[in-house]
Amino acid sequence: MVVTRFAPSPTGYLHIGGLRTALFNWLWASRNGGKFILRIEDTDLQRNSEEATEAILKAFKWVGMDYDELFYQSQRFDIYKEYIQKLLDEDKAYYCYMTKEELDALREEQMKRGERPRYDRRYRDFKGTPPEGVEPVIRIKAPLEGDIVFEDGVKGTIVIKAEELDDFIIARSDGTPTYNFVAAIDDALMNVTHVIRGDDHLYNTPKQIIVYRALGFSLPKFFHVPMILNEEGKKLSKRDGAMDVMEYKREGYLPEALLNFLVRLGWSHGDQEIFSLKEMKELFDPHDINRSPSAYNLSKLQWLNSHYIKNSPNDRLVAELEDFGVYLESHDRKEILLDALKERAKTLKELAQMAKEILKEPESYDEKALKKATKGDYRKILEDFLSKIQEGEYHLPVDFHEAIEEVVKANDIGFGKIGQPLRVALTGKLGGPDLADIMAVIGKDEVVKRVKRFLDYTK
RNA sequence: GGCCCCAUCGUCUAGCGGUUAGGACACCGCCCUUUCACGGCGGUGACGGGGGUUCGAGUCCCCCUGGGGUCACCA
């Protein structure tokens, strides 16, 4: 069975790059009818926080990614201890009594000599009496010579010389195990078959392989996914705007748009751009992941988002808009409103803004729009229109449309002559949905009220 | 700096020795239209440079250049 996992350390929110690797793992498990594990890597008691874990779980929930199992490494220390002891017993790991200060000094000296800083293995075969008052760390015996070779599903064959590695620490002096050790143990114990992760982990892989071998575990397949760059092609950082996945929710993005955007970063399927969740699950294959890093680009995300908004049923939009302060549930013209608006919104936030601009009478009139709207005999035209609609029943867009047509005909003018002043009177600015739709949404009385107010204002 | 990875339009990418180098976003123009959008049609625009291999290289090899990653008692 295919088993994948996403293993974040809870030190902050879930960021966009993390979400993509999680997505890749999730999709691959799903495609194979396998299992997707979420594993919280909280072995460093100093750094991780419960809020961060909550934030990650919340983000998963928002995008709709479900996991089959959830683990916290902090609850598995007993297991790790057992394996550390096993390595100690088998002489594959050892206590190292070098203090942090001594290590720092060694590093500094090595740097001065132009060497690569690393532990010199001085306690590897230490048989004497340990120094007093030093709580030792435990190091693993890494191979002294040869190469560590593995096949990466994205990058191809990776060869790391043994000299590049040192006897890295598997347990801190306080007894807690470290990342490279526990990651390997858990991936093995949880029967993870495909490790898909950021390529910043490429160098951890040989270290983890050392652990696998020392314990006789069989290796999973590795896929190291290139990082996501910012729009300038540099490393993505907090300054590049939205890093937190939940920020996209706040900005009015639909989760399916975000996922669609992310799945196409570093992966493609011919010329296809739009992928439903179902299609992603059927088509995604980590073997097709690109070898080169890709840059984040907001306008593509916006395009995708507007696509998904356009294709959302109105009742979904009604529900989504409540997060943005627009409540349409009981509005009897919400279908007309939403149909007119969803064609032109890039985000839910914009959609909400546009809805508000129609539902509420304008607080002010845009200066430029005012100039354009108050040319010629706009007053007479608007007054004609007013007396026209005050006579009869006007409810549907077609009713209002007819009213406009009649005024146009009676005055022998173009549609624009009444369109512009009417639009500004109604919404305070140029641009926006069909006038007849707007009027049907707000109703005849409100139309009359707004036009009168406009006439008054421009007197 | 050592080691490693990467390199097609501005961006995401297709390409897997022989293509007028294709698509998408963005941008520009035209059409549709009461406006703004949507939509339709069209356009600008790329194989980083230099050597090889080959009858023939975006595709294979080497070098350069340029990006990126990594060198913790973090993960």
Side-chain angles (χ1 to χ4, degrees), chain A residues 7-11 41-44 46-48 73 96 98-100 103-104 107 111 114-119 135-139 152 154-156 158-161 163-166 168-180 182-183 197-204 206 224 226-227 229 231-235 261 264-274 290-304 306-307 310 340-346 354 369 372-373 401 404 408 414-420 422-424 427 429-436:
Chain A
S9 61
T11 51
E41 308 233 323
D42 53 355
T43 53
D44 186 351
Q46 317 295 331
R47 293 184 187 225
N48 55 62
Q73 289 186 323
C96 169
M98 204 168 171
T99 62
K100 264 182 213 169
L103 248 181
D104 288 344
R107 283 206 187 96
M111 298 272 265
E115 289 171 19
R116 186 179 123 77
R118 77 170 124 191
Y119 174 64
E135 285 298 328
V137 298
I138 299 171
R139 291 180 180 272
D152 186 277
V154 175
K155 312 251 183 194
I158 304 287
V159 181
I160 310 282
K161 291 186 196 69
E163 303 108 72
E164 294 295 322
L165 276 3
D166 59 6
F168 61 92
I169 292 171
I170 59 174
R172 303 180 183 91
S173 44
D174 66 2
T176 57
T178 59
Y179 167 73
N180 280 119
V182 297
R197 63 190 5 168
D199 73 359
D200 49 333
H201 283 287
L202 196 64
Y203 259 73
N204 290 137
H224 288 94
M227 315 255 80
L229 274 24
E231 305 209 46
E232 283 75 47
K234 302 282 178 199
K235 192 185 175 186
F261 171 69
R264 283 286 289 102
L265 241 40
W267 177 81
S268 63
H269 181 257
D271 285 339
Q272 189 169 347
E273 295 290 347
I274 306 291
N290 267 201
R291 305 156 85 88
S292 54
S294 38
Y296 170 95
N297 100 303
L298 185 65
S299 52
K300 185 88 168 251
L301 206 212
Q302 288 178 332
W303 171 72
L304 250 5
S306 64
H307 168 84
K310 250 176 293 203
L341 255 26
K342 66 185 182 184
E343 295 285 321
R344 44 203 103 211
K346 284 197 177 74
M354 290 189 287
K372 281 196 169 179
H401 189 79
I404 295 177
V408 163
F415 210 119
K417 279 270 184 280
I418 179 171
Q420 286 196 334
L422 188 52
R423 182 173 290 284
V424 176
T427 65
K429 58 184 216 177
L430 297 166
D434 187 279
L435 283 170

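Just so we're on the same page: letters track the sequence lines, and every chain starts at 1.
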What does [X] touch in the nucleic acid at a heavy-atom separation under 4.0 angstrom: a base, only the sugar-phosphate, or nothing?
X	value
A:Leu435	base
A:Ser268	sugar-phosphate
A:Lys310	sugar-phosphate
A:Met354	nothing
A:Ser306	nothing
A:Lys155	sugar-phosphate
A:Gly414	nothing

Watson-Crick or G-U wobble mate for [N], both contacts under 3.5 Å:
N	result
B:rG42	B:rC28
B:rG1	B:rC71
B:rC60	B:rG52
B:rC36	none
B:rU20	none
B:rG66	B:rC6

Side-chain donor or acceptor of [X] paired with backbone N/O of [Y] under 3.5 Å:
X	Y	value
A:Arg116	A:Glu164	yes
A:Arg344	A:Ala340	yes
A:Arg423	A:Pro433	yes

Closest approach of A:Pro226 to A:Val154 (non-hydrogen atoms, all atoms of both residues): CD-CG1, 4.3 Å

Quick one: [atom1] on [X] to [atom2] on [Y], what's the gap to the nearest 0.5 Å?
X	Y	atom1	atom2	answer
A:Asn204	A:Arg197	CG	CZ	6.5 Å
A:Arg291	A:Asp199	CZ	CG	12.0 Å
A:Asp42	A:Thr176	CG	OG1	11.5 Å
A:Asn180	A:Ile170	CG	CD1	11.0 Å
A:Ile274	A:Leu304	CD1	CG	5.0 Å
A:Asn48	A:Thr43	CG	OG1	7.5 Å

Suppose you measure atom [atom1] in [N] against the same atom in [M]; what distance do you get, rounded to whole Å?
N	M	atom1	result
B:rA21	B:rU35	C1'	41 Å
B:rC60	B:rU8	P	13 Å
B:rC36	B:rU11	P	31 Å
B:rA14	B:rG22	C1'	6 Å
B:rU59	B:rU53	P	15 Å
B:rG10	B:rC5	P	27 Å
B:rC32	B:rG49	C1'	48 Å
B:rA7	B:rU13	P	11 Å

message: Using heavy-atom distances to pick each residue's nearest nucleotide on RNA chain B, tell me which of A:Thr178 and A:Leu430 is more 5'.
response: A:Leu430

query: Closer to the 5' end of RNA chain B via nearest nucleotide, is it A:Gly416 or A:His269?
result: A:His269

task: Give me the ring orientation class for A:Trp303 and A:His307: parallel if the planes are under 30° apart, tilted from 30 to 60°, perpendicular past 60°.
output: tilted

Find the distance [X]:[atom1] to [N]:[atom2] and express it as a whole number of Å.
X	N	atom1	atom2	answer
A:Arg344	B:rC36	CZ	P	10 Å
A:Arg291	B:rG15	CZ	C1'	15 Å
A:Arg139	B:rA72	CZ	P	10 Å
A:Tyr296	B:rU13	OH	P	15 Å
A:Glu164	B:rC3	CD	C1'	4 Å
A:Phe415	B:rU33	CZ	P	12 Å
A:Asn180	B:rA75	CG	C1'	9 Å
A:Arg47	B:rC73	CZ	C1'	11 Å

- prompt: Has the side chain of A:Ser9 got a donor or acceptor atom sitting under 3.5 Å from an opposite partner on the base of B:rC74?
  reply: no

field: Letter per nucleotide, 5' to 3', of nucleotides 21-29 of chain B [B base touched, S only sugar-phosphate touched, - untouched; heavy atoms, 4.0 Å]
entry: -BBBSS---

- prompt: Do the side-chain N and O atoms of A:His224 and A:Tyr203 include a donor-acceptor pair separated by under 3.5 angstrom?
  reply: no

task: Examine B:rC74: is either OP1 or OP2 under 4.0 Å from a nitrogen or oxygen in the side chain of A:Asn48? Give yes or no.
output: no

query: Are A:Ser294 and B:rU13 close enough that a side-chain N or O sits under 4.0 Å from OP1 or OP2?
result: yes

What pairs of nitrogen or oxygen atoms, one from the protein and one from nucleotides 60-71 of chain B, lie under 3.5 Å apart?
unit_1: B:rC71; atom_1: O2'; unit_2: A:Arg116; atom_2: NH1; d: 2.9

- prompt: Got a sec: does the NZ of A:Lys161 have more than 12 other heavy atoms crowding it under 6.0 Å?
  reply: no

task: May I ask you to say whether A:Glu135 pairs ionically with A:Arg172, meaning some side-chain N is under 4.0 Å from a carboxylate O?
output: no

- prompt: Just checking, A:Arg139 and A:Tyr119: is the charged tip under 6.0 Å from the six-membered ring centre and within 45° of the axis?
  reply: yes

Restricting to nitrogen or oxygen on both sides, can you table the protein-nucleotides 41-45 of chain B pairs closer than 3.5 Å?
none

message: Which nucleotide wins on minimum distance to the side chain of A:Ile169, given the candidates B:rC4, B:rA75, B:rC73?
response: B:rC73

